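First the structure, in the form of structure tokens, and then the observations on it.
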Amino acid sequence: MTLPSPRVLTNGRVITLDDNSRICQSVGIVGRRIVALGRMEHVQGVVGHDCEVIDLGGRAVIPGLIDTHAHMDREGLKSIGPSLSGCRNIADVLERVEAAARAAAPGEWIVTMPAGEPPYYWDDVSSLAERRLPNRREIDRVSARNPVYIRPIWGYWRNAPNPERMVSAANSLALAESGLTSRTVMPARTIMPEIDPETGELSGVFVETGATPIVELLLLGNGSRFTAAQRRDGVLRAMHAYNALGTTGVYEGHGVSSEVFRAYRACHPTPGLTVRVRMTQSPAWGVVGDADAAAMISQWAYFAGGLGDPMLSLNGLYVDHRFGPDDLVRGRAAPYTGWAGYHYDSSLPRPRLKQALIAAARNDIQCVASSAEILDLLEEVDREVPLAGRRWVLQHIGTLSQARCEIAARLGLVVAPLSIRHIYKEGRAADAPDTNDFVPLARLTDMGVRLTLASDNAPPSLFHSIWHAVARRDRFGHPVPPDHEKLTREQALRAATVNGAYLTFEERDRGTLEVGKLADLAVLSDDPLTCPEERLPEIRSLLTIVDGRIVHRSAGPDGVSIG
């Protein structure tokens, strides 16, 4: 790939986040790396006068954000099917389906997004006046030639209290092509197909409990599935969306399935990635059955220990000991994984998991877990193979006691709290018994634990997560105690940049703006260190540079573009 021309970004507020928290006026870039920082005269003297000069107009510049639990590929899938956003009743839904049917070839599947408003779909079907989806007969009237399926929500978009209720609907052609009748045995008790009382046949409406749908995974055949081409094109769209929010790197800590990894490989090196992607493997233990887990880990070590290049790599292993309801049922859809992008059967019973973790440590494989319950097990592993310095990751945390914080610090874990879920979506009543242990960001920071921030793609902006850490307010605007667990703005910004690079062992190359480091940076619509607190989640990037290349440019609130 041809190296970009030398350039100088000047007349800005360059927030370097180096050890001295230096803020300067200009940054010089040659090729892929930063070669100078400081005043314009100095920087241009280093870069040379025959270079592109970009006037920042006083805008703030930060190191590119690193999202450590991104699920970035999902963002590009959301625009594949017709949206039902804005639909207020069944007539509106049918109008959208009819419009899609007019544009489709006969026999082509029409698969819509769920009812309700993205990105959270708080109300889902209850947002419609009738509080239900249209049934097969109603959909048939507007689409007699095309199979139609109205997707359920992906339950983790809203993290509603259990049991989650997901509703989807299919027309007669979709049911027929999928071979579904009232006599079809459902693969799980969590699926409740509605029966038409007049005919005794399926009404086309399916109700599921849980947070992860099964109907569209297993019952609708290939018609409702994302194709390999859709996943590839979705990755390209997703990267542009994340670049527009100042994100230049992601870490897929939940692990990825083979189909997601293939989608990224299909984009790299041509047409090229615009986000640095670091992945962990999502193991499909259901495929190997009762095989020796430790032996399998040792065999995987050649790639789980690191495979890839500066833009795309697979390094590490997602681990879990919790078996969700019907996870093995969902795993039968493999290699297809739907919205998840990870294998559903990625958990092991505790004794087998312990042996797998010991093998991973001995083979220098970084592991990522999503439950504080695993800390006791990690202590046992540490007695066999010391974990300090391995930078294993604990993500998704909500409540974490003082004792468990101490374990995380002692083992040298990197902690990636999911603030979008626990602080913003769920919040916490002030009189809850474990309030003092709820998302203890400041406590962990004070103990020397490296905190990172994550979006979980709900929404994809890390500035939401920065705001959660700084303001600690839920979606209704209520304070989320304890107040003393707030981070300062600089601490939150470091969690979203410096510590993300530390997690992936890349602190020498990225995470701060310093001479010799990669030119991954974002020019912002607002200054995250000084803007009013309520504006933090609205910050966007006006200019994003990755590997020295401009990958995103847009106008600011004043209508003026940078450069």
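Numbering starts at 1 and runs along the sequence shown. The structure displayed is predicted, hence computed values, not measured ones. Note: hydrogens, waters and symmetry copies are ignored here, and every other heavy atom, side chains too, is used.
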Under a 4.5 Å cut-off applied to non-hydrogen side-chain atoms, are [X] and [Y] in contact?
X      : Y      : answer
Leu441 : Gln491 : no
Arg450 : Leu503 : no
Ile420 : Ser455 : no

Out of curiosity, [X] [atom1] to [Y] [atom2], how far, rounded to the nearest 0.5 Å?
X      : Y      : atom1 : atom2 : value
Ile539 : Ser461 : CD1   : OG    : 8.0 Å
Thr497 : Leu513 : OG1   : CG    : 8.5 Å
Leu400 : Arg443 : CG    : CZ    : 7.5 Å

Below 30° counts as parallel, above 60° as perpendicular, anything between as tilted: where do the rings of Tyr424 and Trp122 land?
tilted
Could Arg74 and Trp157 be counted as a cation-pi pair, given that NZ or CZ must be under 6.0 Å from the ring centre and within 45° of the axis?
no
Is any side-chain N of the basic residue among [X] and [Y] closer than 4.0 Å to the acidic one's carboxylate O?
X      : Y      : result
Glu514 : Lys517 : yes
Arg151 : Glu216 : yes
Arg421 : Asp456 : no
Arg278 : Glu506 : yes
Glu507 : Arg391 : yes

What do the steps show when you test Tyr251 against Asn315 for side chain to side chain donor-acceptor pair (under 3.5 Å), and what is the final call?
CA-CA 10 Å; Tyr251 178 74; Asn315 190 331; over 6 Å; no
Steps toward side-chain contact (heavy atoms from CB on, under 4.5 Å) verdict (Tyr264, Met311)
CA-CA 10 Å; Tyr264 278 96; Met311 291 305 297; over 6 Å; no
By side chain to side chain contact (heavy atoms under 4.5 Å, CB included), which residues pair with Ala360, not counting sequence neighbours?
Ile297, Ile365, Cys367, Trp392
State whether the side chain of Glu259 and the backbone N or O of Ala334 hold a donor-acceptor pair below 3.5 Å, judged by distance alone.
no
Does Gln395 use its side chain to pair, donor to acceptor, with the backbone of Val368 at less than 3.5 Å?
no
Checking salt bridge (Lys or Arg N to Asp or Glu O under 4.0 Å) against Arg276, which of Asp309, Asp520, Asp67 comes through?
Asp520
What verdict does the side-chain contact (heavy atoms from CB on, under 4.5 Å) test give for Cys405 and Val449, after you've listed the backbone C-alpha separation in whole Å, the side-chain angles of each residue and the deciding distance to 0.1 Å?
CA-CA 8 Å; Cys405 287; Val449 174; over 6 Å; no
Test of ring centre spacing under 6.0 Å for Tyr121 and Trp154:
no
Take Arg237 and Ser79 through the side chain to side chain donor-acceptor pair (under 3.5 Å) test and state the conclusion after the steps.
CA-CA 9 Å; Arg237 286 193 299 273; Ser79 59; 3.2 Å; yes
